[in-house]
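Keep in mind that this is a model prediction, so the values were computed, not measured. The basis for the numbers below is simple: all heavy atoms, side chains too, and nothing from hydrogens, waters or symmetry mates.
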Amino acid sequence: MARIRVKNLLIRTYIGFNPEELVNKQDVIINLEIETSIPNKALEADEPLDIFDYKRITKQIIALVQEGRFKLLEVLTKNILDLIMEDEQVKWAKVEVDKPHALRFAESVSLEMEASKNV
């Protein structure tokens with residue numbers, strides 16, 4: 001098994017339910033951990049043979065977040081996690097979404113969710 005991490009993916013989206021949040025995009029910072037297996041043939045050949053495509057999933061996450069509108073950080077986080085877990089090569093995943101400056105005296109508020117497949 002291998003654990004892939006995508007760190008500090010910065011994307012702008014509509015997040016929140018206050019009047020200004022409904023009309024102005026805000027930054028969110030996304031961190032992912034994805035557990036998958038790496039086929040021996042890929043390691044032996046040093047070629048991307050049947051490996052998990054983290055570039056593809058990252059592009060899908062960017063599209064989901066940029067094109068979406070979310071009132072709750074919980075819903076955004078769950079939607080990202082569900083998207084990752086759709087891939088049959090994913091065994092386990094954890095997603096953390098930070099919303100910078102969500103609270104006056106805090107750097108950010110974050111929410112973390114994880115899921116696994118019974119294999």
Side-chain angles (χ1 to χ4, degrees):
M1 287 303 225
R3 190 163 289 183
I4 298 166
R5 290 184 177 92
V6 177
K7 299 179 181 181
N8 299 323
L9 184 62
L10 178 63
I11 308 173
R12 294 187 63 72
T13 192
Y14 294 100
I15 181 78
F17 47 82
N18 293 323
E20 67 277 0
E21 294 173 322
L22 296 173
V23 294
N24 297 311
K25 283 190 171 186
Q26 299 174 71
D27 291 336
V28 292
I29 300 166
I30 301 168
N31 288 284
L32 318 169
E33 287 186 53
I34 299 168
E35 197 169 275
T36 186
S37 38
I38 301 174
N40 283 333
K41 64 182 178 181
L43 296 172
E44 291 165 3
D46 193 16
E47 292 290 337
L49 306 169
D50 298 326
I51 64 167
F52 177 76
D53 188 348
Y54 56 83
K55 184 176 182 180
R56 178 188 52 78
I57 198 74
T58 300
K59 285 182 176 184
Q60 290 175 339
I61 292 166
I62 291 168
L64 171 77
V65 175
Q66 284 182 332
E67 296 167 11
R69 288 182 169 268
F70 310 93
K71 290 182 181 173
L72 299 176
L73 196 56
E74 293 84 348
V75 172
L76 173 56
T77 306
K78 179 78 166 79
N79 288 353
I80 295 168
L81 184 59
D82 288 347
L83 176 66
I84 294 168
M85 294 305 293
E86 286 176 6
D87 191 298
E88 64 186 33
Q89 291 179 289
V90 173
K91 309 300 179 207
W92 171 89
K94 179 168 66 172
V95 175
E96 179 184 22
V97 180
D98 278 273
K99 183 179 175 185
H101 313 296
L103 295 174
R104 183 174 175 196
F105 295 107
E107 185 177 308
S108 71
V109 171
S110 71
L111 185 82
E112 184 176 281
M113 291 182 177
E114 63 181 82
S116 61
K117 293 178 182 167
N118 296 331
V119 179

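Taken together through direct or relayed side-chain contacts under 4.5 Å among Ile, Leu, Val, Met, Phe, Trp and Tyr, Val95 and Val109 form part of one hydrophobic cluster. No path of Ile, Leu, Val, Met, Phe, Trp and Tyr side chains, each step under 4.5 Å between heavy atoms, connects Trp92 with Ile30, placing them in separate hydrophobic clusters. One hydrophobic cluster holds both Val6 and Ile62 under the rule that ILVMFWY side chains link at heavy-atom gaps under 4.5 Å. Each of Val23 and Ile11 belongs to its own hydrophobic cluster when Ile, Leu, Val, Met, Phe, Trp and Tyr are linked at side-chain heavy-atom distances under 4.5 angstrom. No continuous path of ILVMFWY side-chain contacts below 4.5 Å connects Ile34 to Ile29, so the two sit in separate hydrophobic clusters.
Remark: the backbone N or O of Pro100 is not paired with any side-chain donor or acceptor of Asp98 at under 3.5 angstrom. Under the 3.5 Å distance criterion, the side-chain polar atoms of Thr36 are matched with a main-chain donor or acceptor of Gln89. Between the Gln26 side chain and the Ile15 main chain, a donor and an acceptor come within less than 3.5 Å of each other. In this structure a side-chain-to-backbone donor-acceptor pair under 3.5 Å is present from Lys117 to Val90.
Comment: Lys91 does not engage Glu35 in a salt bridge, judged by the lack of any side-chain N to carboxylate O separation of less than 4.0 angstrom.
From Lys78, atom NZ reaches atom CE of Met85 across 9.5 Å, with rounding to the nearest 0.5 Å. Within the model, atoms CE of Met1 and CD1 of Ile38 stand 10.5 Å from one another, a figure rounded to the nearest 0.5 Å. The NZ atom of Lys7 sits 12.0 Å away from atom CD of Glu96, with the distance rounded to the nearest 0.5 Å. Of the inter-residue distances, the one linking Leu83 atom CG with Leu64 atom CG reads 6.0 Å to the nearest 0.5 angstrom. Separation of atoms CD1 (Ile61) and CG (Asn79) is listed at 11.5 Å; rounding is to 0.5 Å. Note that CD1 of Ile80 is 10.0 Å distant from CE of Met113, once rounded to the nearest 0.5 Å.
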List the steps, then state whether side-chain contact (heavy atoms from CB on, under 4.5 Å) holds for Asn31 with Asn8.
CA-CA 5 Å; Asn31 288 284; Asn8 299 323; 3.6 Å; yes
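Closest of all the heavy-atom pairs between Asp50 and Pro39 is O-CG, 3.5 Å. Taking every heavy atom of both residues into account, Leu49 and Ala42 meet most closely at O-CB, 3.6 Å.
The environment of CD in Glu88 is sparse: at most 12 heavy-atom neighbours from other residues, nucleotides or ligands sit within 6.0 Å. More than 12 heavy atoms of other residues, nucleotides or ligands shown are found within 6.0 angstrom of CG on Asn18.
Within the 4.5 Å cutoff, the side chain of Thr13 has no heavy atoms near those of the Lys25 side chain. Put simply, the side chain of Phe52 reaches to within 4.5 Å of the side chain of Ile57, judged on heavy atoms.
Here the options are Val65, Leu9, Thr77, the test is side-chain contact (heavy atoms from CB on, under 4.5 Å), and the partner is Val28; only Val65 passes. Of the residues listed (Lys99, Lys71, Arg69), the one engaging Glu21 in a side chain to side chain donor-acceptor pair (under 3.5 Å) is Lys99, and it is the only one.
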